[in-house]
Amino acid sequence: MSITYFEKEQIFHLQTPNTSYVLGVLDGKHLLHLYYGKRIDEYSSILDNFPIAGELAFSPIDVPEHFMSTNMLPMEYPCYGSADFRSPAFHAEYEDGSSVTCFEYESYEIFKGKKKLSGLPATYVEDESEADTLEITLCDRLTGVRAVLSYSVFNTVDAIAKSVCVKNLGNQTIQLKTALSSTVHLFDKNYEFVHLEGAWAKERSIQKRPLLNGSMQIESKRVTSSHHHSPFVALARPYATETQGDVYGFSFVYSGNHIEQVEVNEFDTARVNVGINPFGFSWQLTPNAEFQTPEVVLTYSDCGFGKMSRTYHKLYRTRLVRGKYRDEQRPVLINNWEATYFDFNEEKILKIASKAQSVGIDLMVLDDGWFGKRNSDNCSLGDWVVDRTKLPDGIESLATKVNEMGMKFGLWFEPEMISEDSDLYRAHPDWCIHVEGRNRTPARQQLMLDLTRAEIRDYIVDSVCSVLKSAPISYVKWDMNRNATELGSKSLPPERQQEFAHRYVLGIYEVMERITSQFPDVLFEGCSGGGGRFDAGMLYYYPQYWTSDNTDGVERLSIQHGTGMVMPASTMGAHISAVPNHQVGRTTPLTFRGHVAMAGQFGYELDLNTLSDEEIEIVKEQVKLYKEIRDVVQKGELYRLASPFEGRNTSWEYVYEDRVVLTYYTIRARSTMGKTCIKLCGLDGDAKYTDTASGKTYSGSYLMNVGLYFEDKKDYSSQLFVFQKQ
Ligand code: GLA
């Protein structure tokens with residue numbers, strides 16, 4: 001059992017293989033966060049060696065037994081209203097207009113396994129021996145409101161999944177204003193706030209800034225997790241590197257408005273809060289109603305960012321992603337978007353497919369433009385009926401012809417959207433998200449469907465499923481190309497309008513669950529203008545995600561490097577596209593683009609018929625090579641050996657069973673400087689490793705300590721090695 005309760009001391013000790021998380025109940029009342037970090041054997045007493053001391057002036061004494069204030073205590077689930085002036089995890093308004101909550105410890109339960117979160121994505125176990133769960137119930141005695149804090153502790157992965165269920169067991173209706181998923185305290189402020197910022201075509205660049213007194217936060221108010229701030233934050237020692245130093249990771253398994261906030265108070269301790277963004281959020285809880293928060297997955301690494309990432313990769317690849325494609329090999333695909341954009345017909349698609357089949361590609365994906373009268377992005381979203389001017393014999397005929405060539409067929413959808421110029425909008429002008437009397441602001445000339453309404457969710461499920469049933473479709477690219485504005489829904493009374501953003505997210509989760517469970521053999525790839533909603537929540541439904549619309553090899557190095565902080569390579573769609581690149585105009589060699597794309601879910605995004613015979617031979621070799629190494633890249637442990645954010649080159653290493661894939665990319669050549677030394681990681685020092693191309697053999701200790709030397713002679717040059725352990 002990885003959770004122990006010491007009754008006399010009133011201490012809960014949670015242990016993963018290498019970490020400990022300790023909670024204590026002070027005086028049977030106040031639930032305190034005492035420790036999170038490297039695994040310890042024991043934590044004996046709450047007050048003997050207490051981490052906090054401070055001047056109490058202006059900290060009201062609400063713990064008189066010890067002449068203490070909750071304003072200085074590390075409250076495990078801090079609530080607003082009494083003496084704790086820091087940002088709370090919980091804030092509610094009551095019928096008398098007051099908003100004071102005083103949660104006190106009530107009870108606990110420990111059980112094997114991990115419960116599902118109803119209607120929400122979450123990590124899971126396949127056998128109850130994989131995790132233990134602690135549930136601690138807090139009670140606000142005046143109102144009867146309970147907060148049940150849940151901690152699932154994984155037994156073979158250094159991860160703890162936290163969430164909270166708020167239960168209104170009183171007899172008044174309350175208004176939740178803030179209900180976060182996790183609070184953790186760090187007892188000094190010598191950390192950096194590390195997060196992944198971005199924009200369209202520039203997803204997840206790694207940002208670091210030192211903590212200062214006051215609050216620092218990232219958030220989304222866009223109703224989706226967004227390109228702009230991934231729902232993830234790490235707190236790392238300033239000296240932490242890929243291989244050294246303390247790093248705490250907080251990954252939020254949620255696809256909507258989120259907040260990751262750190263507040264350093266006057267005592268120089270840091271409170272880390274993660275959850276649904278309280279901005280624009282409110283939730284009415286009638287008596288006996290419950291509110292379940294999404295889950296946050298915490299990990300602590302004593303060996304830098306690399307170990308943190310490998311923990312997330314392992315957990316998310318095996319116990320967040322579901323369905324048959326979690327373990328089954330995914331196809332190498334070709335997508336026609338950058339090859340044709342909207343300008344295609346059946347003949348063009350079949351020509352692309354035929355060439356793709358001849359080089360060994362498994363799946364032909366038809367992107368946007370196959371439905372309604374969609375020859376540009378200004379119409380037809382919502383009208384999921386094939387455009388017979390482009391595809392006279394329909395999707396079924398096209399898919400069958402592709403199948404007859406020996407390839408599978410996939411299709412693009414953007415089901416959450418509605419174009420003003422669509423039959424759907426003409427029939428149901430009120431189906432879009434809007435507020436009566438206000439402008440309906442278009443983005444990419446489209447509006448969003450109101451997924452808080454059951455009949456609209458049914459429409460989406462029915463229209464997507466009927467296309468999927470009508471033809472042999474093996475893959476779906478599910479796109480989502482805007483953020484929500486003018487939030488409002490006809491389905492909600494005024495007092496519930498502020499529930500809209502979360503209800504939208506619950507709506508999309510329900511839709512995805514219904515569709516994916518009806519089509520368990522279809523591979524779903526998420527997309528949101530590239531990687532705009534590429535978050536852990538989506539991975540519960542879709543095992544892979546289009547990482548970015550930016551397909552330039554150089555830009556992709558940074559995008560994939562940053563994305564890989566949390567997301568495993570098996571989830572990152574990565575394609576070779578044409579040069580000059582359509583997003584940045586850069587020309588890079590086919591081999592370089594190939595080596596970059598092979599570091600994810602490999603595919604192509606161009607018309608292979610435009611390549612020379614010599615290039616087609618390279619493509620054949622790429623597809624063959626990727627099929628040989630995909631297990632290693634997708635299931636292997638990732639070591640980031642050189643970062644595109646720090647230098648002129650990038651290097652990644654994947655170790656899986658007895659094979660190793662090493663990539664090295666030169667972004668900018670240099671003249672007079674020496675070679676770059678790349679030292680491998682994670683090998684068996686005593687074993688021999690043979691470079692399968694040259695036959696040269698090295699010992700693991702040599703590769704890890706002496707390393708390999710690379711010359712940065714040429715812009716956009718790259719190498720990929722496969723080592724076989726002897
Ligand atoms: C988004 C996607 C692209 C492509 C287009 C089609 O931008 O990210 O890959 O599917 O939509 O309109």
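Just so you know, ligand 1 is whichever comes first in the structure, and atom 1 is the first atom listed for that ligand. The structure displayed is predicted, hence computed values, not measured ones.
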> Which atoms of ligand 1 are found less than 4.0 Å from any heavy atom of Gly529?
Replying inline: 7 (O), 8 (O)

>> Out of the candidates His313, Arg317, Arg630, Lys635, only one should pair with Ser570 under the side-chain contact (heavy atoms from CB on, under 4.5 Å) rule; please name it.
In response: Arg317

> Is the distance between the ring centroids of His502 and Tyr254 less than 6.0 Å?
Replying inline: yes

> Would Trp384 and Phe371 count as a close aromatic pair, with their ring centres under 6.0 Å?
Replying inline: yes

> Which protein non-hydrogen atom lies closest to atom 9 (O) of ligand 1, naming both residue and atom, and how far is it?
Replying inline: Lys477 NZ, 2.7 Å

> Which atoms of ligand 1 have any heavy atom of Gly530 under 4.0 Å away?
Replying inline: 8 (O)

>> Is the distance from the ring center of Phe342 to that of Trp370 below 6.0 Å?
In response: no

>> Show the nearest heavy-atom pair for residues Glu486 and Val435, with the distance to one decimal.
In response: O-CG2, 3.7 Å

> Any chance the rings of Tyr540 and Tyr542 have centres within less than 6.0 Å?
Replying inline: no

>> Can you tell me which portion of Asn481 lies within the under-4.0 Å heavy-atom range of ligand 1? Options are side chain, backbone, both, or neither.
In response: side chain

> Would you call Glu525 a ligand 1 contact, heavy-atom distance under 4.0 Å?
Replying inline: no

> Taking atom 2 (C) of ligand 1 as the point of reference, which of Asn335, Asp479, Leu381 owns the nearest heavy atom?
Replying inline: Asp479

>> Need the ligand 1 atom indices (1-based, order shown) with element for anything under 4.0 Å from a heavy-atom of Trp546.
In response: 8 (O), 9 (O)

> Measuring from the heavy atoms of Glu414, does anything fall under 4.0 Å of ligand 1?
Replying inline: no

>> I'd like to know whether the aromatic ring centres of Phe279 and His258 sit less than 6.0 Å apart in this structure.
In response: no

>> Using a 3.5 Å cut-off on N or O atoms only, is Trp412 in polar contact with ligand 1?
In response: yes

>> Out of all atoms in ligand 1, which are within 4.0 Å of some heavy atom of Cys527? Include the element for each.
In response: 2 (C), 8 (O)

> Where is the nearest protein heavy atom to atom 3 (C) of ligand 1: which residue, which atom, and how far?
Replying inline: Asp549 OD1, 3.3 Å

> Backbone N or O of Phe592 within a donor-acceptor pair of the Thr588 side chain at under 3.5 Å?
Replying inline: no

> Who's the nearest protein heavy-atom neighbour of atom 4 (C) of ligand 1, and how far?
Replying inline: Asp367 OD1, 3.4 Å

> Polar-atom distance check: Phe342 versus ligand 1, any N or O pair below 3.5 Å?
Replying inline: no

> To the nearest 0.1 Å, how far is atom 12 (O) of ligand 1 from its closest protein heavy atom, and which atom is that?
Replying inline: Asp368 OD2, 2.6 Å

> Taking both backbone and side-chain atoms of Ser528, is any N or O found less than 3.5 Å from an N or O belonging to ligand 1?
Replying inline: no

> Is Lys390 positioned over the aromatic face of Phe344, cation under 6.0 angstrom from the ring centre and no more than 45 degrees off axis?
Replying inline: yes

>> Please confirm whether the ring centroid of Tyr541 lies under 6.0 Å from the ring centroid of Tyr509.
In response: yes

